[in-house]
Amino acid sequence: MMRKLGLILGSLAALATGAASANAAEYELKISSMFPSTHFIQKLALEPWANEIEEKTGGRVHITFFSAGSSLGDATKQYDQVRSGVVDFAVGIPAIPRGRHPRIVLVELPFTVPNSAVGTCALTRMKDTFQPDFKGTRILSLTVTEPSAVHTKEKVETLDDLKGLRIRTPTPAITAMLEEIGATPVGMPPTEIYESVERGVVDGNIMPWGPVGAFKLWEVLHYHIDARINPVSMYTLMNQRSYDSLPKDIQKVIDETSDEVFSNWGHWWADTDKEAIDAAKANGNEIIPMSDEVRNQWRERLMPVVDNYIKTESGMDPDAARAIYADIGKAVAACED
């Protein structure tokens, strides 16, 4: 009896193993991200993208996520991980760490793009130009956030009103802009801004609305100039060797799905910003608009700042950097039409 039961159990185990093998994906791929698993980037973009790839390949591909907080979620290591093949895909920000991707971060100079949709369109048109920034990888998508606003504790109505104030700065170019205005730039991680405002260490902050909402900075910064100064760029990359090792039909699915799903970046950034703006308004905060005419005036005024960045901070031959910056401007103009 025991021997018969053992045979039955053994047969069931074999069947279970066979079923598991039949259901196992042919290609197990890994994606790392600097964003938490709860972030809209994973929920609205990356997970639907991965699910669609799995569905369109009939389950032959399975993608496993390693998000912020995991062993592969370090923001400073995303590019190195995907280039070396530790992961097959990676999502990160070119400016972290600074100096690694000098071409694409030129889009983050002040008043270069009017909004995320146009900026994303421009970067997509210029993928080949930016490819040298991402050696060993295949660019699946490039995007930019909505450009940043100015968020202050006390009311200011123009950028010139920042003179004499201590403002948290995100990049060297914005540091130079603040110095041109006469403000005091203060560098610090986003996680420290809330407490620094409460303690009077800084009077304000320049960043897109998305992280203002994520860190609830509207609770301590009650005035906002909707200046649309500078965006933050972001990449989705695939290790080139991993891509080359896949069958052509799966390569095609990855390319087409990436183009289809990630074409929505501009809408996602805008929708996320709107949530933060609505929260600020509900809190009674005041949002001061900036006209396109005034933005153009600031663009002209800050051209010496931009040119100095290109010459001294870009990490590139100034003529080459200047040419790429000019091409970004042309791509932006084309995407605005």
Side-chain angles (χ1 to χ4, degrees), residues 41 45 49 91 93-95 101-134 137-149 171 173-174 177 208-210 226-238 255-274 289-307 309-311 314-337:
I41 285 175
W49 166 82
V91 180
I93 290 175
H101 311 289
R103 293 165 182 82
I104 192 171
V105 295
L106 293 172
V107 77
E108 300 182 12
L109 290 171
F111 299 103
T112 298
V113 300
N115 56 56
S116 175
V118 168
T120 299
C121 169
L123 293 192
T124 301
R125 286 174 178 243
M126 294 183 65
K127 269 187 185 182
D128 291 344
T129 299
F130 301 127
Q131 185 63 61
D133 274 0
F134 304 106
T137 71
R138 183 178 184 84
I139 297 173
L140 298 184
S141 85
L142 299 173
T143 185
V144 293
T145 64
E146 289 291 316
S148 39
T171 67
I174 299 305
M177 182 194 82
W209 273 100
D226 191 21
R228 293 171 288 145
I229 299 172
N230 68 307
V232 176
S233 54
M234 192 184 83
Y235 57 70
T236 306
L237 306 174
M238 184 173 186
D255 289 339
E256 291 179 349
T257 302
S258 299
D259 288 344
E260 175 190 343
V261 174
F262 296 145
S263 66
N264 293 306
W265 276 122
H267 304 297
W268 291 326
W269 293 121
D271 289 347
T272 304
D273 274 21
K274 186 178 183 302
M290 180 182 283
S291 68
D292 289 340
E293 180 183 2
V294 173
R295 288 187 79 252
N296 288 333
Q297 291 171 0
W298 272 101
R299 182 185 295 112
E300 292 299 318
R301 176 173 166 179
L302 293 174
M303 281 313 298
V305 170
V306 169
D307 193 57
Y309 174 89
I310 285 172
K311 288 191 292 188
S314 69
M316 297 177 60
D317 172 77
D319 289 338
R322 199 171 287 110
I324 292 173
Y325 183 71
D327 287 342
I328 292 173
K330 293 173 186 175
V332 166
C335 289
E336 286 183 296
D337 290 342

Query raised in the report: Y309 and V105: which non-hydrogen atoms are nearest, and at how many Å?
Result: OH-CG2, 4.0 Å
**Report entry** Polar side-chain atom of T145 near backbone of P231 as donor-acceptor pair, under 3.5 Å
**Finding:** no
Query raised in the report: Between the side chains of Y325 and T112, does any donor sit under 3.5 Å from an acceptor?
Result: yes
Query - Name of the residue among F262, F130, F134 meeting ring-ring contact (aromatic ring centres under 6.0 Å, His included) with Y235 - result: F134
Report summary line: All heavy atoms of Q131 vs all of T137, minimum pair found to be NE2-O, 2.9 Å
Query raised in the report: What's the spacing between I93 CD1 and M234 CE if we round to 0.5 Å?
Result: 7.5 Å
**Report entry** Nearest-0.5 Å distance that lies between atom CE in M126 and atom CG in L106
**Finding:** 8.5 Å
Report task. State the CE-CG distance between M177 and N230, to the nearest 0.5 angstrom. Result -> 7.5 Å
**Report entry** From L109 atom CG to R299 atom CZ, the distance as rounded to the nearest 0.5 Å
**Finding:** 12.0 Å
Query - Sub-4.5 Å side-chain heavy-atom contact between L142 and T120 - result: no
Report task. Fit a plane to each ring of F111 and W298, take the angle between them on a 0 to 90° scale, and name the class: parallel (under 30°), tilted (30 to 60°) or perpendicular (over 60°). Result -> parallel
Requested in this report: Using atom types as modelled and distance alone, determine if a side-chain donor or acceptor of E146 lies under 3.5 Å from a backbone N or O of S116.
Outcome: yes
Query raised in the report: Does some side-chain heavy atom of L123 sit less than 4.5 Å from a side-chain heavy atom of T143?
Result: no
Report task. Considering non-hydrogen atoms only, spot the tightest contact between P94 and I104 and give its length. Result -> CB-CG2, 3.5 Å
Query raised in the report: How long is the span from the CZ atom in R322 to the NZ atom in K311, to the nearest 0.5 Å?
Result: 7.0 Å
**Report entry** Pair D271 + K274: basic N to acidic O under 4.0 Å
**Finding:** no
Requested in this report: Verify the neighbour count for atom CG of D317: are there more than 12 heavy atoms of other residues, nucleotides or ligands below 6.0 Å?
Outcome: yes
Query raised in the report: Counting distance only, does the side-chain N/O of D259 pair as donor-acceptor with the main-chain N or O of E256 below 3.5 Å?
Result: no
Report task. Measure the shortest side-chain to side-chain distance between P208 and T272 over non-hydrogen atoms and say whether it is less than 4.5 angstrom. Result -> no
Query - Where P102 and S314 come nearest, the two heavy atoms and their spacing - result: CB-O, 3.2 Å
Requested in this report: Return yes if a side-chain donor-acceptor contact under 3.5 Å exists between S233 and E108, otherwise no.
Outcome: yes
**Report entry** Carboxylate-amine/guanidinium contact R228 D292, below 4.0 Å
**Finding:** yes
Report task. Give the ring-plane orientation class for W265 versus W269, where under 30° counts as parallel, over 60° as perpendicular and anything between as tilted. Result -> parallel
Query raised in the report: What are the two closest heavy atoms between L140 and K127, and how far apart are they?
Result: O-NZ, 3.5 Å
Query raised in the report: Does a side chain donor of either T257 or W49 reach within less than 3.5 Å of an acceptor in the other side chain?
Result: no
Query raised in the report: Taking C-beta and beyond as the side chain, do M238 and I139 meet within less than 4.5 Å on heavy atoms?
Result: no
Report task. Provide the closest heavy-atom pair for C335 versus A122 in the form atom of the first, atom of the second, distance. Result -> SG-N, 3.4 Å
Query raised in the report: How long is the gap from CG on N296 to CE on M290, to the nearest 0.5 Å?
Result: 11.0 Å
Query raised in the report: So I229 and I174, side chain to side chain contact (heavy atoms under 4.5 Å, CB included) or not? Walk me through it.
Result: CA-CA 9 Å; I229 299 172; I174 299 305; 3.8 Å; yes
